[in-house]
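Computed from a predicted structure; not experimentally measured. Chain naming here is simple, since letters A, B, ... match the order of the sequence lines and numbering starts at 1 in each. All heavy atoms count here, side chains included; hydrogens, waters and symmetry mates do not.
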2 protein chains.
Amino acid sequence: MTQTATILRTGRKFDQVLRGAREVFMADGFEGASVDDIARAAGVSKATLYSYFPDKRLLFMEVAQNECRLMSERILSMIDETKPAREVLQIAATQLTAFLVSEFAQQVFRICVAERDRFPELGRAFYEAGPQNGQRQMAAYLEKAVSKGELCIEDVQIAAEQFSELCKVRIWSRAAFGIQNCFRQDEIDEIATQAVDMFMANYGCGPSKK
Amino acid sequence: MTQTATILRTGRKFDQVLRGAREVFMADGFEGASVDDIARAAGVSKATLYSYFPDKRLLFMEVAQNECRLMSERILSMIDETKPAREVLQIAATQLTAFLVSEFAQQVFRICVAERDRFPELGRAFYEAGPQNGQRQMAAYLEKAVSKGELCIEDVQIAAEQFSELCKVRIWSRAAFGIQNCFRQDEIDEIATQAVDMFMANYGCGPSKK
DNA sequence: TTGTATCTGAACCGAGCGGTTTATAAACTG
DNA sequence: CAGTTTATAAACCGCTCGGTTCAGATACAA
């Protein structure tokens, strides 16, 4: 995965190629995207494209890696630890839920799953940069909340995973199966609230002030 | 989806074709499976195959529909309502968790997601026959348990969805991303137990005798 | 046995794919 | 300006694919 191999990173049109590739890959997947389409979308000749990237696979990996990085950063900016636990969780749940059903996340997920046999490294890279990283951040926060006496959790890792799983209720699989691709804010808010309620019922200390 | 159109269902080798198609499609997906491969796997000439099915798409749909039916039946046989709620849920959680990460379910899911643009009906058909149907059964059971006073649930539909979502914690996404494809029974049992614990903490009546 | 429905294998078609090449043009650099 | 790097368009190659065709083999029913 860290293999950049023989990619030419200098040159005026490198970024242009990458942007075009991102656009077409995200829309059509790996097999569905033809190199001609990508070159056209990038506003670049096929020969130019191949002067930067030795083949389609490597171009795809480059794009996917960039997407993973973006996703990771986005998750990082989600938690603000200064507020009380329930509030923090509510905000995190809302953002996470919205993100999980976004066009962006859905497309990347779809490609990872679809090409899992062709690119085993891709699924792993995405999982680590995305879900795993996000859950690590969440677990770290939960740990602090526990030591502040706000929450009662034995296994913060499992709790973090349960939290993000609860944010998928109802809408995520509808998005994954292509049944619904646009979600209203109040749908998202409701799922987030349900998730926090359930989470706090199990892990909240003292009376669940739901 | 109910469109059978011009499929020839009579003839000695119909089932043979279907079995071969199932095998190859499940292994390689829609694009990955070539008609020649399927004919070979079915032990049938390509011409014969095309005498039954007008094209590859319809053959795929037929296979996928059959798989959905099987899945639906399997989920149906999961609940035994005579025992106490916690026990019923524990059994259901174990079976559901094991099913969700099985080779079979993962392959069907992968194909649905990968081909969602090419076959929008497929995703819908699978969703209805699989998750939605399973959750309807679960919600029906929860309803009874509530009226027996075993559980306290406002929205049984949401509760059913939360239940199945909790069964995915930790292992499901690892399977989906191709990071892990074999799961020990004790891993499954642990997730199932965690799911039931959390569920009962929120919806159990009286003292949570965890 | 004769007639009919079914199956076979292999050749074939046209299209699209990833990738290469080449001759030409444009853009930087000294 | 000259020289070199970079980009272009289009033709081209080999391959695989979905789908068709057809002459002959096989099964089966009378």
Side-chain angles (χ1 to χ4, degrees), chain A residues 3-64 111 114-115 117-119 121-122, chain B residues 3-64 111 114-115 117-119 121-122:
Chain A
Q3 274 279 51
T4 310
T6 44
I7 295 181
L8 238 286
R9 282 204 156 67
T10 64
R12 312 203 299 278
K13 311 221 162 177
F14 178 77
D15 292 338
Q16 209 171 320
V17 171
L18 221 52
R19 268 195 301 273
R22 175 187 189 280
E23 176 188 332
V24 181
F25 276 136
M26 294 291 280
D28 301 339
F30 179 77
E31 280 294 345
S34 84
V35 177
D36 293 87
D37 285 349
I38 294 174
R40 200 175 313 118
V44 140
S45 81
K46 212 169 149 186
T48 301
L49 187 155
Y50 274 106
S51 79
Y52 286 113
F53 295 90
D55 64 18
K56 192 188 177 189
R57 261 187 74 116
L58 250 63
L59 175 54
F60 179 69
M61 291 294 282
E62 183 75 13
V63 169
I111 292 177
E115 318 296 349
D117 292 341
R118 211 186 316 269
F119 303 101
E121 334 85 295
L122 177 61
Chain B
Q3 274 277 50
T4 310
T6 45
I7 295 181
L8 237 288
R9 282 203 155 67
T10 63
R12 312 202 298 279
K13 310 221 163 177
F14 179 77
D15 292 338
Q16 208 170 321
V17 171
L18 221 54
R19 269 196 301 273
R22 175 188 189 280
E23 176 189 332
V24 180
F25 276 136
M26 293 291 281
D28 302 339
F30 179 77
E31 280 295 344
S34 84
V35 177
D36 294 270
D37 285 349
I38 293 175
R40 201 175 310 119
V44 140
S45 82
K46 212 169 147 185
T48 301
L49 186 154
Y50 273 105
S51 81
Y52 286 113
F53 295 91
D55 63 18
K56 191 189 177 188
R57 262 187 74 114
L58 250 62
L59 175 53
F60 180 69
M61 291 294 282
E62 182 74 14
V63 169
I111 291 177
E115 318 295 349
D117 292 341
R118 210 186 318 270
F119 303 100
E121 333 85 297
L122 176 61

query: Do any N or O atoms from the side chain of B/Lys13 and from the backbone of B/Tyr52 form a donor-acceptor pair under 3.5 angstrom?
result: no

- line: Reading nucleotides 15-30 of chain D from 5' to 3' and marking B where a protein heavy atom lies under 4.0 Å of the base, S where only the sugar-phosphate is that close, and - otherwise, the string is ---BBBB---------

Point-to-point distance, once rounded to the nearest 0.5 Å, from CZ of B/Arg19 to CZ of B/Arg22: 11.0 Å

field: Rounded interatomic separation in angstrom, taking NZ from A/Lys13 and P from D/dT5
entry: 19 Å

- prompt: Looking only at atom types and distance, does a side-chain atom of A/Glu115 sit under 3.5 Å from a main-chain N or O of A/Phe30, one as donor and one as acceptor?
  reply: yes

- prompt: If only side-chain N and O atoms of B/Tyr52 are considered, is one of them under 4.0 Å from the OP1 or OP2 phosphate oxygen of C/dT6?
  reply: no

Side-chain N or O of A/Thr48 closer than 4.0 Å to phosphate OP1/OP2 of D/dT8: yes

task: Could you tell me how the ring of B/Phe25 sits relative to the ring of B/Phe60: parallel (under 30°), tilted (30 to 60°) or perpendicular (over 60°)?
output: perpendicular

query: Does any N or O in the side chain of B/Asp55 come within less than 3.5 Å of the main-chain N or O of B/Leu58, such that one atom is a donor and the other an acceptor?
result: yes

For atom CG of A/Leu49 and atom P of C/dG18, their distance in whole Å: 11 Å

Between CG on residue B/Asp37 and CD on residue B/Glu23, distance to nearest 0.5 Å: 10.0 Å

